[in-house]
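In what follows, a structure is listed as structure tokens, so that the remarks can point back to it.
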Amino acid sequence: MQALHAYWQKHFPEAGRSYWSVRSWELLIWQPVLIAVTAVYGLSAIPPLQQLTQRLDKGIVAGYSLPAGCWFREAMLS
């Protein structure tokens with residue numbers, strides 16, 4: 001998170017603290033949200049988001065990894 005925030009701060013100093021924080025937050029959160037919504041509604045499963053890792057490349061969060069085989073299924077939720 002610090003590297004992402006530092007990237008936006010360095011490359012867009014005129015934008016200010018609020019922009020850097022919001023931009024960093026939106027880049028960090030879009031993948032987990034999309035994964036969670038898709039998994040719950042498409043697979044009836046809950047992904048282990050606490051084990052999600054994301055990759056950072058030139059200020060963009062692109063790519064993620066989740067461990068295999070530890071998803072909670074619908075039957076386990078009731």
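Residue numbers start at 1 and run along the sequence shown. These numbers come from a predicted model, not from an experiment.
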Listing, residues 5-15 side-chain donor-acceptor contacts under 3.5 Å, not counting sequence neighbours, or none:
unit_1, atom_1, unit_2, atom_2, d
Y7, OH, K58, O, 3.3
W8, NE1, G59, O, 3.0
H11, ND1, Y7, O, 2.9

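Taking both residues in full, the closest heavy atoms of G63 and Q31 are given as N-NE2, 3.1 Å, listed atom of the first, atom of the second, then distance. Across all their heavy atoms, A36 and L49 have their closest contact at CB-CD1, 3.9 Å.
One finds the CG atom of L66 at 7.5 Å from the OG1 atom of T53 (value rounded to the nearest 0.5 Å). Between the CG atom of L4 and the CG atom of D57 there is a distance of 11.5 Å, given to the nearest 0.5 Å. Put simply, CD1 on I35 and CG on L43 are 11.5 Å apart, with the number rounded to the nearest 0.5 Å.
Note on residues 28-52: no pairs pass salt bridge (Lys or Arg N to Asp or Glu O under 4.0 Å), not counting sequence neighbours. Legend: salt bridge (Lys or Arg N to Asp or Glu O under 4.0 Å) pairs involving residues 18-34, not counting sequence neighbours, sorted by first then second residue: R23-E26. Within the structure, salt bridge (Lys or Arg N to Asp or Glu O under 4.0 Å) contacts touching residues 31-47 (residues at least two apart or in different chains) do not occur. The salt bridge (Lys or Arg N to Asp or Glu O under 4.0 Å) pairs that include a residue from residues 32-41 number zero, where partners must be two or more places apart or lie in different chains.
In the hydrophobic cluster analysis, where Ile, Leu, Val, Met, Phe, Trp and Tyr join through side-chain heavy atoms closer than 4.5 angstrom, L28 is grouped together with I60. Cluster membership for M1 and L56, using ILVMFWY side-chain heavy atoms within less than 4.5 angstrom, is shared. Y19 and V61 fall within a single hydrophobic cluster, where Ile, Leu, Val, Met, Phe, Trp and Tyr side chains are chained together by heavy-atom contacts under 4.5 Å.
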Q: Check the pair R55, S65 against side-chain contact (heavy atoms from CB on, under 4.5 Å), reporting the backbone distance first and the verdict last.
A: CA-CA 9 Å; R55 286 186 282 288; S65 296; 3.5 Å; yes

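Cluster partners of L34, by chain and number: W30. The rule joins Ile, Leu, Val, Met, Phe, Trp and Tyr whenever side-chain heavy atoms lie under 4.5 Å apart.
For Y64, the OH atom counts as loosely surrounded, since its 6.0 Å shell holds 12 or fewer non-hydrogen atoms of other residues, nucleotides or ligands.
Not a single donor-acceptor pair under 3.5 Å links the side chain of Q54 to the backbone N or O of A62.
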